[in-house]
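In this chain, numbering begins with 1 at the start of the sequence shown.
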Amino acid sequence: MSLDPSIFETTVPSRYITCTLPLPTFLLRAAVLDSPFASSPSSTAAIWVPPGRESDWIFSTFSGHLQLLLSSPTPHPLSRLILLGNPPSSPIPTSFNSTSPPPPQNLAPLLLGLSPKSEFLGHSEIPEVPLLVYEDEVVKNSILEICEGPCVGEFLIENVELKFDDGVTEFRRRMRFKRMPNFVQSQMRINPIKDSISDNLDDLEFELEKGVLVQPYISPMVAGIAVIHRFLDGKSRPRALCLGVGGGALLGFLADRLSFEVDGVEEDEVVLEAAKRHFGLNNDEFIHLFVEDGIRYLKRVAKKYDIVMVDLDSSDGMSGVSAPPVEFVEGSVLRAAREVLRDEGVLVANVIPSSKAFYERLVGEVGEVFEEVYEIDVGNEENLVLIAAKSGVGEGLDGDDSAFLNKLKLVVSCSYIDSIRRIR
């Protein structure tokens with residue numbers, strides 16, 4: 001069945017079209033997505049899919065395409081994003097060794113043909129559709145396992161080799177969800193075993209490096225504990241509640257490096273089982289795992305905690321990556337969080353604001369329930385860490401360092417601790 005080219009002349013919110021185009025010397029896959037949101041002026045851009053990564057969910061699914069559209073670094077919000085590349089070699093993600101050959105020459109006529117007519121309005125000359133370059137640090141990956149959970153849907157575990165701008169190379173193990181494939185849910189540094197030598201990641205064996213936090217916002221979340229450092233002095237095993245487990249890097253760090261007893265709550269048992277297989281997470285004397293919706297657990301639990309760590313993201317990919325979910329902002333949930341905290345306890349939440357209005361509402365709602373609200377800017381233009389404490393607790397930031405604070409400064413950057421500021 002042939003595709004009528006006129007279908008591309010107009011934009012239709014959230015319309016997603018994929019097709020394979022026979023060019024003179026090769027086949028080309030085109031995927032065209034119209035934004036779910038109205039934008040003015042009309043703006044279209046394209047991305048050439050990095051060769052070898054065509055089957056990655058980032059480029060082969062609606063959810064990945066949508067995240068690329070919503071996060072594109074263009075002057076105006078995009079009304080259409082076109083992905084061009086080789087046809088995927090597999091219907092599921094596969095391992096790759098990334099290469100960066102340039103895209104084919106003279107794609108301009110094709111891009112104009114895939115653009116809406118509104119792109120031409122107000123132009124005295126034929127407009128040029130920008131061809132964006134997708135860049136990240138991943139140069140190789142190896143898919144370890146693809147799983148499907150009843151709550152999160154499909155997700156994968158992969159080993160990746162990263163190469164940073166300064167030339168440093170690092171290996172990590174990551175967990176990514178298909179519903180939001182551009183967002184790394186969990187990651188941990190891994191090191192090749194000495195006897196394991198190969199240029200192919202599939203052939204290498206690795207060991208986990210659990211004592212290092214590489215997820216950008218996790219170290220700032222741990223730094224937020226500094227607000228109550230004086231009250232943790234002398235406690236042999238403070239108690240922490242972690243809502244959202246993923247691979248469990250935060251739980252292991254709190255238990256092993258800061259001597260907490262940790263309860264971890266994850267809604268999807270398949271995620272927990274994958275974390276046990278691939279990230280070294282286990283139920284033991286100081287880490288206790290529960291399969292339950294985090295908010296429901298918060299409302300029913302009778303225990304008291306020194307800290308509650310919230311690392312929950314929204315499952316609604318239509319608005320892009322955001323955290324925490326809107327359900328968490330409700331007064332009843334925040335009051336439940338306050339109730340499970342000891343008098344000197346603190347709530348620490350990872351926040352990825354979907355908008356300035358959402359963040360202002362979150363700060364306002366938290367301020368209605370907690371007397372003191374603090375903030376750490378992670379510095380990646382995406383995450384903020386919100387810290388909420390009961391009256392008088394934050395005064396512990398002043399004065400001399402405690403033994404606990406000195407211990408904390410050995411395992412997280414002092415710059416995060418020093419950047420804690422009260423906002424309410």
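A salt bridge links Lys117 with Glu9: the closest approach of a Lys/Arg side-chain nitrogen to an acidic carboxylate oxygen falls below 4.0 angstrom. The pair Arg237-Glu261 does not meet the salt-bridge criterion, since no charged nitrogen lies less than 4.0 angstrom from a carboxylate oxygen. Using a 4.0 Å cut-off between charged side-chain N and carboxylate O, Asp263 and Arg239 make a salt bridge. Taking the charged nitrogens against the carboxylate oxygens, Asp313 and Arg179 do have a contact shorter than 4.0 Å, which makes a salt bridge. Looking at Arg176 and Glu158, a side-chain N of the basic residue comes within less than 4.0 Å of a carboxylate O on the acidic one, giving a salt bridge. We find that Arg172 and Glu170 are joined by a salt bridge, their nearest charged nitrogen and carboxylate oxygen being less than 4.0 Å apart. A salt bridge links Lys304 to Glu339: at least one charged side-chain nitrogen sits closer than 4.0 Å to a carboxylate oxygen. Between Asp401 and Lys409 there is a salt bridge, with a side-chain nitrogen of the basic residue lying less than 4.0 Å from a carboxylate oxygen of the acidic one. Salt bridge present: Glu292 and Arg300 bring a charged side-chain N and a carboxylate O closer than 4.0 Å.
Rounding to the nearest 0.5 Å places CD1 of Ile423 at 5.0 Å from CG of Leu386. With rounding to the nearest 0.5 Å, the separation of OG in Ser35 from CZ in Arg15 is 13.0 Å. Separating the CG atom in Leu83 from the CD1 atom in Ile47 is a distance of 5.5 Å, to the nearest 0.5 Å. To the nearest 0.5 Å, atom CG of residue Asn283 and atom CG of residue Leu289 are 4.0 Å apart. One distance of note links CD of Glu154 with CG of Leu156; it measures 9.0 Å at 0.5 Å rounding. To the nearest 0.5 angstrom, Phe404 atom CZ is 7.5 Å from Ile228 atom CD1.
In this structure, Phe290 has its ring center closer than 6.0 angstrom to the ring center of Tyr297. Side-chain rings of His65 and Tyr16 approach one another, their centers coming within less than 6.0 Å. A centroid separation of less than 6.0 Å is found between the aromatic rings of Phe59 and Tyr134.
Checked by atom type, the side-chain pair Asn383/Asn350 shows a donor-acceptor distance below 3.5 Å. Under the 3.5 Å distance criterion, with hydrogens and angles disregarded, no donor-acceptor pair is assigned to the side chains of Ser90 and Ser55. Using a 3.5 Å distance cut-off with no hydrogens or angles, the side chains of Tyr217 and Asn380 do not pair a donor with an acceptor. In this structure, a donor-acceptor pair under 3.5 Å is absent between the side chains of Ser72 and Thr74. Donor-acceptor pairing under 3.5 Å is lacking for the side chains of Ser43 and His76. Side chain to side chain, Glu207 and Asn191 fail the donor-acceptor criterion of an N or O pair below 3.5 Å. Defined by atom type and a distance below 3.5 Å, a donor-acceptor pair is present between the side-chain atoms of Ser95 and Asp202. Between Ser322 and Ser354, the side chains place no donor N or O within less than 3.5 Å of an acceptor N or O (distance only, hydrogens not considered).
By the side chain to side chain contact (heavy atoms under 4.5 Å, CB included) test, Asp284 is found to be paired with Phe286, Ile287, residues two or more places apart in sequence or in another chain being considered.
Taking every heavy atom of both residues into account, Leu334 and Val369 meet most closely at O-CG1, 3.7 Å. The shortest heavy-atom contact between Phe260 and Ala240 is CD2-CB, 3.8 Å. Shortest non-hydrogen contact noted between Pro93 and Ile146 is CD-CD1, 3.8 Å. Across all their heavy atoms, Tyr416 and Ala223 have their closest contact at CB-CB, 3.7 Å. Listed here is the closest heavy atom pair of Ser259 and Lys407: OG-NZ, 3.1 Å. Closest of all the heavy-atom pairs between Ala30 and Leu114 is CB-CD1, 4.3 Å.
Remark: Lys163 NZ is loosely packed, at most 12 non-hydrogen atoms of other residues, nucleotides or ligands lying under 6.0 Å away. By the 6.0 Å contact criterion, NZ on Lys356 is open, its count of non-hydrogen atoms from other residues, nucleotides or ligands being 12 or less. In Asp165, the CG atom is not crowded: 12 or fewer heavy atoms of neighbouring residues, nucleotides or ligands sit closer than 6.0 Å.
Here the side chains of Phe37 and Pro77 are not in contact, with every heavy-atom distance at 4.5 Å or above. Side chains of Leu84 and Arg29 form no contact here, defined as non-hydrogen atoms less than 4.5 Å apart. Put simply, the side chain of Val348 does not reach to within 4.5 Å of the side chain of Val308, judged on heavy atoms.
At distances below 3.5 Å, not a single donor-acceptor pair connects side-chain atoms of Ser314 with backbone N or O atoms of Pro325. At least one donor-acceptor pair closer than 3.5 Å links the side chain of Glu54 to the backbone N or O of Gly52. A donor-acceptor pair under 3.5 Å links the side-chain atoms of Asp233 to the main chain of Ala403, judged by distance alone. Looking at Asn97, its side chain never comes within 3.5 Å of a backbone N or O of Lys140 through a donor-acceptor pair.
Checking each of Gln187, Arg174, Gln185 against Gln215 for a side chain to side chain donor-acceptor pair (under 3.5 Å) leaves exactly one that passes, namely Gln187. Arg424 pairs with exactly one of Glu371, Glu365, Glu372, Glu368 by the salt bridge (charged side-chain N to carboxylate O under 4.0 Å, His left out) rule, that one being Glu368.
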message = Could you go through Arg53 and Asp136, starting from their C-alpha distance and side-chain angles, then the distance that decides it, and tell me whether this counts as salt bridge (charged side-chain N to carboxylate O under 4.0 Å, His left out)?
response = CA-CA 12 Å; Arg53 301 182 67 172; Asp136 61 9; 3.0 Å; yes

